[in-house]
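Each remark here refers to the structure printed beneath this line.
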Number of protein chains: 2
Amino acid sequence: MPRLIDHDQRRNEIAAALRRVVLREGMAAVSVRTVAAEAGWSPSAVRHWFPDQAALVRFAVARTMAEAPARLREVLAAGPSRENAQLLLEQLLPLDDVRRVEMHVWLAAVDPARHDDGFDETRSQMFVALRHVCRTAVARWCDLAPPASVGEVVDAVEQDAAVLHALLDGLALHGVHYPEEATPERIRAVLRHHLEAISTRSRL
Amino acid sequence: MPRLIDHDQRRNEIAAALRRVVLREGMAAVSVRTVAAEAGWSPSAVRHWFPDQAALVRFAVARTMAEAPARLREVLAAGPSRENAQLLLEQLLPLDDVRRVEMHVWLAAVDPARHDDGFDETRSQMFVALRHVCRTAVARWCDLAPPASVGEVVDAVEQDAAVLHALLDGLALHGVHYPEEATPERIRAVLRHHLEAISTRSRL
DNA sequence: GCCGTTACCGTACAACTGTGTTAAAAAGAG
DNA sequence: CTCTTTTTAACACAGTTGTACGGTAACGGC
């Protein structure tokens, strides 16, 4: 057997390089060559680990988004409370560098993906996943029983979740594209304000 | 004097061609050549009307977004009412083809613009303009005096406007990138639900 | 020692890009 | 018709892109 290399780690390194390129120069600057240079390898090395460029960015985007579920699970484990509900939602907002990179890469990838095949599934999965997090957050915030499955839908919660979902993505977009205006504190404040509006209403 | 051509109309034709390319194949497919082909001219013709590619997309994006203010003014002229407030906001959502194209082009242009100079001003202008529309809409919805100027800020309205602004951009993003899930009717319903939540709260 | 498999590199090529230059066509004014 | 300016085309050039191919270096088992 020849030298054995940790495939996953190698690919993660390259994905991290792509992330850095996207963050610094935007998705338009991503190419096999630029990513390879950023990672410190030759373009052929990158080509060795990924069959083509599309697979490269697919993998990198997937890996980038893959860290969020772990954070969500961790917060979820803390048990339901209002603080917890807000904390849950904040995991999906660009409030620190890690989450900012996630959102940035995702937003940069979503638009081109609209015309690439093989990304549609990821896109809609992301949508339903986010929606379900919103459902859970609304339920926890309003002190209701959490939704048992992705399929189970309670109408009142569902409407609030749809609003929250759009609000969340809007805040993410603002945080990434208008960092001066939408600072982490302001984003948090807007989310807080909206959540408190929900509770005020539900007390009627 | 040799043949005189309506410069503005010519440039608008080219901008429209760019719009079509963006809509069909995404911003990544935009080049002097592809736009020229779409418009039915030679690349040199396009180059004759725009000094370089950056100016081309700058102009096309500006022209695309330039149609919204007219719509907003028209709605604003109808005088304040709740229906009117919702209608105002709906002018900034991808509810028909015209508005869908606007949002699509804008979203496709915003991300690359983050790393191009000369677009920052447009970006922040868009932000404050949208925020002000939200302020006005909240004021009209809650039957308050409309804000006199962009500078005048009422705290209670301002917080609601910030939420509404993020919600609006989130809904726009959903409508463009998840057209199956976020249909015009659902987008309208979400907006409606949020606005009614505001009024419920304000009646306390 | 050797060998075979794996990892990586350098180069090459065709396609595309933006952007100049150069020249032809078109059309109103005289 | 001719002249003059605008409009369009054709071409060229350098740069970048994705991807394929041939070769080299490393390493584990014998």
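Throughout, a chain's letter reflects where its sequence line sits, starting with A, and its residues are numbered from 1.
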Atom CD1 of Ile5(A) and atom P of dT5(C): how far apart are they, to the nearest Å?
18 Å
Selected nucleotide, minimal atom distance to Ala45(B) side chain, candidates dT17(C), dA9(D), dT17(D):
dA9(D)
Starting at CG of Asp52(B) and ending at P of dT19(C), how long is that distance when rounded to a whole Å?
5 Å
Can you classify the ring geometry of Phe119(B) versus Trp106(B) as parallel (below 30°), tilted (30 to 60°) or perpendicular (above 60°)?
tilted
Under 4.0 Å: is that the gap between some side-chain N or O of Trp49(B) and OP1 or OP2 of dT8(D)?
yes
Do you know the tightest heavy-atom contact between Gly79(A) and Asn84(A)?
O-CG, 3.1 Å
Check the phosphate of dT7(D) against His7(B), side-chain N and O only, distance under 4.0 Å to OP1 or OP2. Yes or no?
yes
Do you know which of Phe50(B), Phe59(B), Trp49(B) makes ring-ring contact (aromatic ring centres under 6.0 Å, His included) with His7(B)?
Trp49(B)
Answer yes or no: does a side-chain N or O of Arg10(B) lie under 4.0 Å from OP1 or OP2 of dT8(D)?
yes
If the threshold is 4.0 Å, N to carboxylate O, is there a salt bridge linking Arg114(B) and Asp111(B)?
no
Regarding Ser44(A), tell me which of base, sugar-phosphate or nothing describes its non-hydrogen contacts under 4.0 Å with the strands shown.
base
Minimum-distance nucleotide to Arg33(A) side chain [options: dA12(C), dT7(D), dG20(C)]
dA12(C)
Provide, to the nearest angstrom, the distance between the CZ atom belonging to Arg11(A) and the C1' atom belonging to dA7(C).
14 Å
Hey, does the side chain of His48(A) come within less than 4.0 Å of dA7(C)'s phosphate (OP1/OP2), counting only N and O?
yes
Can you tell me how far C1' of dT16(D) sits from CD of Glu25(A), to the nearest Å?
14 Å
Please state how far atom CD in Glu13(B) lies from atom C1' in dT8(D), giving the value in whole angstrom units.
14 Å
How many whole angstroms separate atom CZ of Arg47(B) from atom P of dT22(C)?
14 Å
Do Phe127(A) and His165(A) make the cut of ring centroids closer than 6.0 angstrom?
yes
Phosphate OP1/OP2 of dC9(C): any Ser42(A) side-chain N/O under 4.0 Å
yes
